Protein chains: 2
Amino acid sequence: MTTSKAACVGRPRGFDIDLALEQALNVFWRNGYEGTSLNELTEAMGIKKPSLYAAFGNKEQLFFKAIDLYENRPDSLFNIAFQHEHVADVIRGLLLGAATQFTDCSHPQGCALINSTLSCSEASESIKQTVLARKAKHKQRLVDRFTQAKTSGELQADCEPEVLASLMTTLFQGFSMQASEGASVDELQQVAAMAAEGILTVCVKR
Amino acid sequence: MTTSKAACVGRPRGFDIDLALEQALNVFWRNGYEGTSLNELTEAMGIKKPSLYAAFGNKEQLFFKAIDLYENRPDSLFNIAFQHEHVADVIRGLLLGAATQFTDCSHPQGCALINSTLSCSEASESIKQTVLARKAKHKQRLVDRFTQAKTSGELQADCEPEVLASLMTTLFQGFSMQASEGASVDELQQVAAMAAEGILTVCVKR
DNA sequence: TGTATTTTGTACCGATGGGTATTAAATTAT
DNA sequence: ATAATTTAATACCCATCGGTACAAAATACA
């Protein structure tokens, strides 16, 4: 699928490339891009450096592939929440979903995309720009959905879709940081509930 | 004041130590702790490494002194907002103040404290813990203020001070990230206004 | 005029960063 | 078997990291 080179000649690869990519994602998710060293990566992936470079190119390309894997997961926050018909349920789903997923112990805490941008000095500028572009794309999905809600009369007249979308991403980023710093599910869910109540009261007709 | 060693014997120091500390703060503010190298620091401070180590100890201690400088500024967000009598004005002041200060072009974008935690791998664990402790102290100030407001009857009965404080810090962290990523004053102020309206509607008696 | 004391600049230290050259090992095709 | 091809492991490359040894320079005191 992601890597479908049927190299049927030569010595066969001694590791599962998709599994290795998942391990790499976990490390980047936990430590960000610059906070992750090749030694950490190779150890987590169970391979040596030359194998990593042969299979994935370099650290940067490995990161991009890992982020692709992250964003294409079917149980993504956006994919689930956007299934709701009413914008009120979308907003509730996004906030509660973020609080829940970001603190899920079955994987690193917080959002992999958000966590990755954090530790980017001027060195890895391309990483920064790419991640920012992806985040902007997600924000645009919010703007589009809220604009549609405004058109269909679900939102208050004085509620601007762009501002509402910005508020949502602000909360996501805050949730991601708090989760990474050890906040509990309960704490974030309570915050999400309060935020949702405030937003729905102010922005959504009921 | 901060460094009042009257070393009146020996070769006099060739640079202003307080000014140098301000420059160091600016660099940490922009790049975080691990994202800042000694070369960047010495260049910004206009001194060489041995001078830095003689004056400030090491990178870690320099960071702590820079953060002290940051937190003790009289025009701090909290110090200003907490002067208001009514909790509604405190909340409005904190949110609008954060949006405004975090995007102020006269210094690096975002909150120095929040930005510093971001790029902390397991390496600099002491930095992480110290910054987390300081952030927790600030959050406690919020909890105390909101608890007082609850007692004095300014808050709704179902509004928990801890949750409200968490929501505020969530927004601060989100604002800091967005500001660091280039969000404009206007954008953040609009978001802050919407957030304030929602919070006041849901949490504060009017 | 020393002498003690402190700062400054240069040049360096070991450790770690991302990345690679090279050779041995394992497989398919001839 | 043997050649061609691909992966694996070791050992290395250079740049940068935080930090420091050392000697020259600049001051106060005797």
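Naming convention: chains lettered A, B, ... in sequence-line order (proteins, then strands); numbering from 1 in each chain. Here the structure is a predicted model, which is why all the values come from computation and not from measurement.
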Checklist outcome for this item: Looking only at C:dG19, C:dG17, D:dG18, the nucleotide nearest the A:Y53 side chain is C:dG19

Item to check | Which nucleotide in D:dT20, C:dT5, C:dT7 has an atom nearest any side-chain atom of B:R13 | outcome: C:dT7

Give the table of side-chain donor-acceptor pairs shorter than 3.5 Å for residues 187-199 of chain A, with sequence neighbours excluded, one pair per line with atom names and distance.
{"unit_1": "A:E187", "atom_1": "OE2", "unit_2": "B:K139", "atom_2": "NZ", "d": "2.9"}
{"unit_1": "A:E187", "atom_1": "OE2", "unit_2": "B:S166", "atom_2": "OG", "d": "3.0"}
{"unit_1": "A:Q189", "atom_1": "NE2", "unit_2": "A:T100", "atom_2": "OG1", "d": "2.9"}

Checklist entry - So does A:R11 get a side-chain nitrogen or oxygen closer than 4.0 Å to the phosphate oxygens (OP1/OP2) of D:dA8? => result no

Item to check | side-chain N/O A:K59 vs C:dG18 OP1/OP2, d < 4.0 Å | outcome: yes

Item to check | Side-chain N,O (B:K49) to OP1/OP2 (D:dG18) below 4.0 Å | outcome: no

Checklist outcome for this item: Side-chain contact check for A:F15: nearest option of D:dA8, D:dG18, C:dT5 is D:dA8

Checklist entry - Are A:D18 and A:K65 within salt-bridge range, i.e. N to O under 4.0 Å? => result no

Checklist outcome for this item: Rounded to whole Å, the CD1-P distance (B:I47 to C:dT8) equals 8 Å

Checklist entry - What side chain to side chain donor-acceptor pair (under 3.5 Å) pairs are there with at least one residue in residues 39-59 of chain B, not counting sequence neighbours? => result B:S37-B:E40

Checklist entry - Do the side-chain N or O atoms of B:N39 get closer than 4.0 angstrom to the phosphate oxygens (OP1, OP2) of D:dT16? => result no

Next on the checklist: Counting the benzene-type ring for Trp, do B:F63 and B:Y33 have ring centres under 6.0 Å apart?
Outcome noted: yes

Item to check | For atom CD of B:E34 and atom C1' of D:dT16, their distance in whole Å | outcome: 15 Å

Checklist entry - Closer than 4.0 Å, any side-chain N/O of B:S51 to the OP1 or OP2 of C:dT7? => result no

Checklist outcome for this item: Comparing B:A54 with A:P50, nearest DNA chain C nucleotide closer to 5' gives the residue B:A54

Checklist entry - Hey, does A:T42 reach any base, or is it just sugar-phosphate, or nothing, if we go heavy atoms under 4.0 Å? => result nothing

